[in-house]
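Worksheet for the structure shown next.
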Amino acid sequence: MLAFQRGDEEAFVSLYRAWRDRVFNFARRLLGDAAAGEEAAQDVFLKLYESRSRYQPKSRFSTYLYRIATNHCLNVRERHDQARTERDGEMDLRASAAPGAEAEAGRAQLRQALRAALAALPDRQGAAFLLCHYDGLSLREAADVLGVSEGAIKSLVHRAREALGERLASWVDPSAEVSHAL
Amino acid sequence: MRCEEVREALAAARYGDQSDVTAAQAHVADCVACRAWVERGAALEAMLPVDAAEEPRPGFDTRMFARLEEARGKARGRTRAPAWMFGVLGTAALATAAWLLAPRARPPETQEDLALAADLELLEDLAMLQRLDEVEAFATLGDLNSADLDALDRGEDRGEEGP
């Protein structure tokens, strides 16, 4: 980032290639939709590009980038109807229930249910959980991204896992009638 | 520890914070409800990898760089002066640098100097003065070394046209 700040455009391309998939998947999961995730990821990199003159290496670059991504995606969530995500999920379920592919259909249904559950988490819980679980940030790093204390991030992650467990109860409960091939 | 504290501590331990895990595990050993919670947590943990990382759709990079190029174009457009102004600004800035930096006695007031002074007034009046740091000519000015300035100086001594 410092090289890019000094005018090395190739350095930005290197940053982009290194972080593209992580930013995309973070946005996809937080927004619950691949297309929205793509648009948001591009917005994030555009903001990163345009923030060149303002960047200060006070923390790790990952913290800086995830902060941009988190703030942007949470703003997008505020502007979009959550119901649209659930409608998209229903459509995907119908498409995946192809005859003769029961195991894969079951896995696809679980994936869709999980994605819907992640997208339905309250903003900061969802961001905290994704940062720690899927993006591998430490609790301290995730706290830096969200601008909260470590105690707060622990609470957010715990509540997110509780909410996911409740929403996916039929998939999680070993005594449930529906069997799920994982 | 209360059950809720234990569960939060175990969740934190999952992400690297081991500070309360010993006490939490001791509680779980004696608490049926928390043992059931741990089992449900393990089942949840097993399903989370189902949402594996994906790549964006084909064309994502192309669209990304098109947006970046558009942003760069807009940035250039906000600061780019009309061609004629750019020419005047560029040569005037270079000549000004040479005049200011070259050691010399106070020059006599020649027609050439009067033209240069007029251009300096132009520089002061232009709104672009506020954004000279974004104008390429000014960047070029910053790149001039002593050899370049000497060359400009020799050019003026040969009576070449000023700006």
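Reckoned from all heavy atoms, side chains included, excluding hydrogens, waters and symmetry mates. Every chain is numbered from 1 and lettered A, B, ... according to where its sequence line falls, protein lines coming before strand lines.
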Honestly, the part of A/Ile153 sitting under 4.5 Å from a heavy atom of chain B is neither
task: Could you check if a side-chain atom of B/Asp17 sits within less than 4.5 angstrom of a side-chain atom of A/Ser138, using non-hydrogen atoms only?
output: no
| said: Quick check against the 3.5 Å criterion: does A/Tyr134 have a side-chain atom that pairs as donor or acceptor with the backbone of B/Leu48? | reply: yes
Discussion item. Whether the side chain of A/Gln42 engages the backbone of B/Leu68 through a donor-acceptor N/O pair (distance < 3.5 Å, no angle test) should be reported.
Written reply: no
Honestly, the part of A/Asp43 sitting under 4.5 Å from a heavy atom of chain B is both
Counting heavy-atom pairs under 4.5 angstrom with chain B, the leader among A/Cys132, A/Ala117, A/Gly37 is A/Cys132
Within residues 52-69 of chain A, the residues sitting under 4.5 Å from chain B by heavy atom, in sequence order, are none
Honestly, the part of B/Ala42 sitting under 4.5 Å from a heavy atom of chain A is neither
What one should report as the nearest heavy-atom pair of A/Leu139 and B/Tyr15 is CG-O, 4.0 Å
The interface call for A/Glu141 against chain B, heavy-atom contacts under 4.5 Å, is neither
So, the part of A/Phe26 with a heavy atom under 4.5 Å from chain B: the answer is neither
From the list A/Arg111, A/Gln112, A/Arg28, side-chain hydrogen bond (donor to acceptor under 3.5 Å, both in side chains) partner of B/Asp51 resolves to A/Arg28
**Prompt:** In terms of side-chain geometry, is the basic nitrogen of B/Arg67 or A/Glu38 positioned less than 4.0 Å from the acidic oxygen of its partner?
**Reply:** no
So does B/Glu69 have more than 12 non-hydrogen atoms from other groups sitting under 6.0 Å from CD? yes
The salt bridge (charged side-chain N to carboxylate O under 4.0 Å, His left out) partners of B/Arg14 (sequence neighbours excluded) come to B/Glu45
Is it true that atom CZ of A/Arg20 has more than 12 heavy atoms of other residues, nucleotides or ligands lying nearer than 6.0 Å?
yes
Whatever's closer than 4.5 Å to a heavy atom in chain B on A/Leu46 counts as both
The salt bridge (charged side-chain N to carboxylate O under 4.0 Å, His left out) partners of A/Glu150 (sequence neighbours excluded) come to A/Arg140
Tracing side-chain contacts under 4.5 Å among Ile, Leu, Val, Met, Phe, Trp and Tyr outward from B/Val28 reaches B/Met1, B/Val6, B/Leu10, B/Val21, B/Trp37, B/Val38
